[in-house]
Amino acid sequence: SRQETYENEVFGGISFDIIDLNSLEETYEALRTFQILGIERKPDLTATACRSISETVGSSSSTAKDLFYALKANSIAECKIDKKASKGIISRLNAAVSGASSLLDFYYSVGGLVLIKDQSSEADVHLADAEGVFRSVKIYLGRLRPTISVELVVDVAFSQSDGRWRYSSNNPESSAFAAGIALETLAGIVSLASSEIDQSLISTLKNDIIKLFDSIEKYDDGALYFDDKLVDGHEYQGPLSTTSSVLRGLTAFAAVTAENLNLPGDKMLGLAKFFLGICVPGDAKDFFNQIDSLALFVNLFSYLLYAFCLSERVSIPLILSFPSTVLSLTRKDSLKVGVSTVLGSEVPSLTVKLVGAFSSGSKDASLVESQELNFDKTSGLHILNDLPKSIDVGSYTFVFEVVLHEPEHEEVYFMGSQTKVPISVTGLIKVENSEIAVLDSDLGSIESQKKLDLAGKNAISLSANHLQKLRLSFQLTTPHGRSFKPHQAFLKLRHESKVEHIFVVGNSGKQFEIVLNFLGLVEKFFYLSGKYDMELTIGDAAMENSLLVAIGHIELDLPEAPEKAPRPPSQPVDPYSRYGPKAEITHIFRAPEKRPPQELSLAFLGLTILPLLGFLIGLLRLGVNLKNFPTKPVPATFAVLFHVGIGAVLLLYVFFWVKLDLFQTLKLLGFLGVFLVFVGHRILSHLAAASAKLKSA
């Protein structure tokens, strides 16, 4: 079920598209994630990965890092690498080991040799001086043996006294992330050794691992993790990457050594809780680190590693899970507990016991006696159907204990001594004996009193002066009849001017009561007489029927305010009125001028047309003709265009009068003017030339 959750929810939000991956490192992480989750890879994705792997192993410019991640991706993609390429890779990685000067140089070169050894049974891969390389990586200042080859010794120690490691001799800062890389590297050296490594080196490294666990950090829920100080932002990896690195290093190193690492089971359980507590990873890298680390706890390799290689036989953590940590007394909810490994695989037969229950923040004795939960085979959950009568509405800390049925399972699984889980119990709270009264200030006698129905509607109307008091009282009881104290119990009075006053309702056992002495509150009320609306608030996280109820109103008659009395604070401006939509602005233009009668306007139009008629009549009287109109095609064309241009200018004047403004008219007139000058010059030049020929003839 956990695997389905990751596939459907988390994995659905993080894309692993190998075609778009930027490096072989990302390719390997995507392939490894698919492998762990059991998701079938598409053929085109595998083909793309194999193409990138082949290009990398076949290139002479590929670095040890490139080869390392190419071989890692190939361990899952299972692409074919020919023997010639394999021999070349082995030769280049051996040379890289000899020339390594930093921890990462050793990590990539040694890791690459281990990978090619695992992938090719025919390849003869080993380190001639594995112990010398081991010493050159794992070395303390002042502990060098005289038999160590000078060429294989790093001048400054990578390993530090606190179990952390440095990346290089030039970097003074130690890192838990580097410690995980170092453990993987040293595990690779041991697996490549042609002869047994000096056990004193293994023992020294074992002590370093124990020291590294001394620096582990802890969350409040018991989750444990490794982290580094943020010294260099480029090298800082964060808790998830750092913890994953350490876990991979421990897994790899424990697989190649028979030494007992003596890792405490409770710390391994805390690490498992850390990875399980990450609900939604930040990106694909975090998702890979989480999934890969969880797989190390529960797969066959992890079982053999912790159950046999470490000889502690207490290494697979069992995790308690709860479908709900909020139980309702109203619905009679059952307490349900699930037990599984970190990735949800089957667990052996066992019993879950509720050994204690304590009120939050209380140091009193347990409220319950030890009792077993019933196992439901259908759901696979351990269930307590009826909560003990001592458990009422409130917050508690339940203490659980897991008991394995078979003694031999205690050598394989680890649960820890006891598990504490916060549980919230909710229910309907009874509100009884609710009443409100106006009291006489001197005698305390009741002036007027009315019952309240806080579960329904109220419209109470009261009146009082500054010499009287207001009393509000009610009782709160739990479903089991005990007193209940909510987180919030407020009485609010709101004046007509929107000035509000809030008072806390105190309690004594089941009884809640507040008495307002108006004589002492006149200044707080700013001497404002008038109508005050009353509102009661009762709320709590465990209260299923929290209240926010309007009680009614009270008319207060307060004395006049003296000159130096405090004034009511100005009320905050309603944001909607300030930033909301504004009223539409209606523009009022100047009323149009009075115009002459239509008949007069038409008569004036006729008078303006008369000159045009006179012009036409004059042309006819003068005997205008077209005898000098050019007959040749080109001059005739320019003549036609010239007259058309003049007509266009006259038409433009008409449009100016009807539609266009002055700027539009001048723009168009400028274009027409240039056109007229050009065609007019051509036609007039032709006419002048023709006239000159006639005179000369």
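Predicted, not measured: the structure shown is a model, and the values here were computed from it.
- A heavy-atom distance below 4.5 Å is found between the side chains of Leu212 and Phe226.
- When every heavy atom of His382 is checked against every heavy atom of Leu373, the shortest pair comes out as O-CD2, 3.5 Å.
- Checking side-chain atoms of Ser59 against main-chain N and O of Glu55 turns up no donor-acceptor pair under 3.5 Å.
- Between the Gln290 side chain and the Phe275 main chain, a donor and an acceptor come within less than 3.5 Å of each other.
- Rounding to the nearest 0.5 angstrom, the gap separating the OG atom in Ser75 from the CD atom in Gln35 is 7.5 Å.
- The two residues Gln119 and Asn74 make their nearest non-hydrogen contact at OE1-ND2, 2.7 Å.
- Residue Ser174 comes nearest to Arg166 through the heavy atom pair CA-CG, 4.0 Å, listed as atom of the first residue, atom of the second, then distance.
- A 4.5 Å side-chain heavy-atom check between Leu183 and Trp165 finds every atom pair outside the cut-off.
- Residues satisfying the salt bridge (charged side-chain N to carboxylate O under 4.0 Å, His left out) test with Glu401, not counting sequence neighbours, are none.
- The shortest side-chain heavy-atom distance between Leu205 and Leu186 falls under the 4.5 Å cut-off.
- For the atom pair Lys87 NZ and Ile81 CD1, the distance stands at 15.0 Å (nearest 0.5 Å).
- Residues Leu247 and Ser293 approach most closely at CD2-O, 3.5 Å, considering heavy atoms.
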* Stepwise side chain to side chain contact (heavy atoms under 4.5 Å, CB included) test for Tyr107 and Glu184 -> CA-CA 7 Å; Tyr107 174 67; Glu184 278 194 81; 3.6 Å; yes
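- Looking at Ile181 and Ser245, their side chains come closer than 4.5 Å, going by heavy atoms from C-beta outward.
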* Could you go through the side chain to side chain contact (heavy atoms under 4.5 Å, CB included) check for Leu271 and Ile216 one step at a time? => CA-CA 10 Å; Leu271 290 175; Ile216 200 167; 3.8 Å; yes
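- Using a 4.5 Å heavy-atom cutoff, the side chains of Asp286 and Ile278 are not in contact.
- In this structure, a donor-acceptor pair under 3.5 Å is present between the side chains of Ser102 and Asp105.
- Every side-chain hydrogen bond (donor to acceptor under 3.5 Å, both in side chains) that Asp227 has, sequence neighbours left out, goes to Tyr236.
- With sequence neighbours excluded, the residues satisfying side chain to side chain contact (heavy atoms under 4.5 Å, CB included) with Pro348 are Leu404, His409, Tyr413.
- Applying the salt bridge (charged side-chain N to carboxylate O under 4.0 Å, His left out) criterion to Arg248, with sequence neighbours excluded, gives Asp292.
- With respect to the salt-bridge test (charged N to carboxylate O, under 4.0 angstrom), the residues Lys72 and Glu29 do not qualify.
- Residue pairs meeting the ring-ring contact (aromatic ring centres under 6.0 Å, His included) criterion with at least one partner in residues 184-209, sequence neighbours excluded, do not occur; the list is empty.
- Taken to the nearest 0.5 Å, the SG atom of Cys50 stands 10.5 Å off from the NZ atom of Lys80.
- Contact check for Ser62 versus Val57: no side-chain heavy atoms found under the 4.5 Å cut-off.
- Once rounded to the nearest 0.5 Å, the distance linking CZ of Phe213 with CG of Asp208 reads 13.0 Å.
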* To do: Would you sort out whether Thr397 and Ile423 count as a side chain to side chain contact (heavy atoms under 4.5 Å, CB included), showing the intermediate values?
  => CA-CA 6 Å; Thr397 299; Ile423 299 291; over 6 Å; no
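- Between Phe288 and Phe34, the distance from one ring center to the other does not fall under 6.0 angstrom.
- Residue Lys267 qualifies as enclosed at atom NZ: its count of foreign heavy atoms under 6.0 Å is above 12.
- Between Lys336 and Asp376 there is no salt bridge, since none of the side-chain N atoms of the basic residue sits less than 4.0 Å from a carboxylate O of the acidic one.
- The shortest side-chain heavy-atom distance between Leu318 and Leu350 falls under the 4.5 Å cut-off.
- Leu240 and Asn289 get closest at one heavy-atom pair: CG-CB, 4.1 Å.
- Under the disulfide bond (SG atoms under 2.5 Å apart) criterion, no residue pair touches residues 179-215, with sequence neighbours excluded.
- The ring pair (Phe, Tyr, Trp, His ring centres under 6.0 Å) test applied to Tyr225 returns Tyr219, Phe274, not counting sequence neighbours.
- Here the CG-OH distance, from Leu67 to Tyr108, works out to 12.0 Å after rounding to the nearest 0.5 Å.
- Ala541 is linked by a side chain to side chain contact (heavy atoms under 4.5 Å, CB included) to nothing, counting only residues two or more places apart in sequence or in another chain.
- With sequence neighbours left out, the side chain to side chain contact (heavy atoms under 4.5 Å, CB included) criterion links Ala357 to Val368, Ile391, Phe398.
- Residues passing the salt bridge (charged side-chain N to carboxylate O under 4.0 Å, His left out) test with Asp333, sequence neighbours excluded: Arg331.
- Put simply, CG on Asn207 and NZ on Lys211 are 6.5 Å apart, with the number rounded to the nearest 0.5 Å.
- For the pair Val339 and Ile319, the minimum side-chain heavy-atom distance is 4.5 Å or more.
- Smallest separation of non-hydrogen atoms from Val133 and Phe106: CG1-CE2, 4.1 Å.
- Taking Tyr69 as the reference, nothing meets the ring pair (Phe, Tyr, Trp, His ring centres under 6.0 Å) condition, with sequence neighbours excluded.
- A donor-acceptor pair shorter than 3.5 Å cannot be found between the side chains of Asp66 and Thr56.
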* **Stepwise side chain to side chain contact (heavy atoms under 4.5 Å, CB included) check, Leu335 with Leu327** => CA-CA 7 Å; Leu335 175 62; Leu327 306 177; 4.0 Å; yes
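- Judged as a side chain to side chain contact (heavy atoms under 4.5 Å, CB included), and not counting sequence neighbours, the contacts of Thr419 are Leu320, Met415, Val421.
- For the side chain to side chain contact (heavy atoms under 4.5 Å, CB included) criterion with Val114, the lone passing option out of Leu93, Leu192, Leu71 is Leu192.
- Side-chain N or O atoms of Ser98 include one that pairs as donor or acceptor with a backbone N or O of Asn94 at under 3.5 Å.
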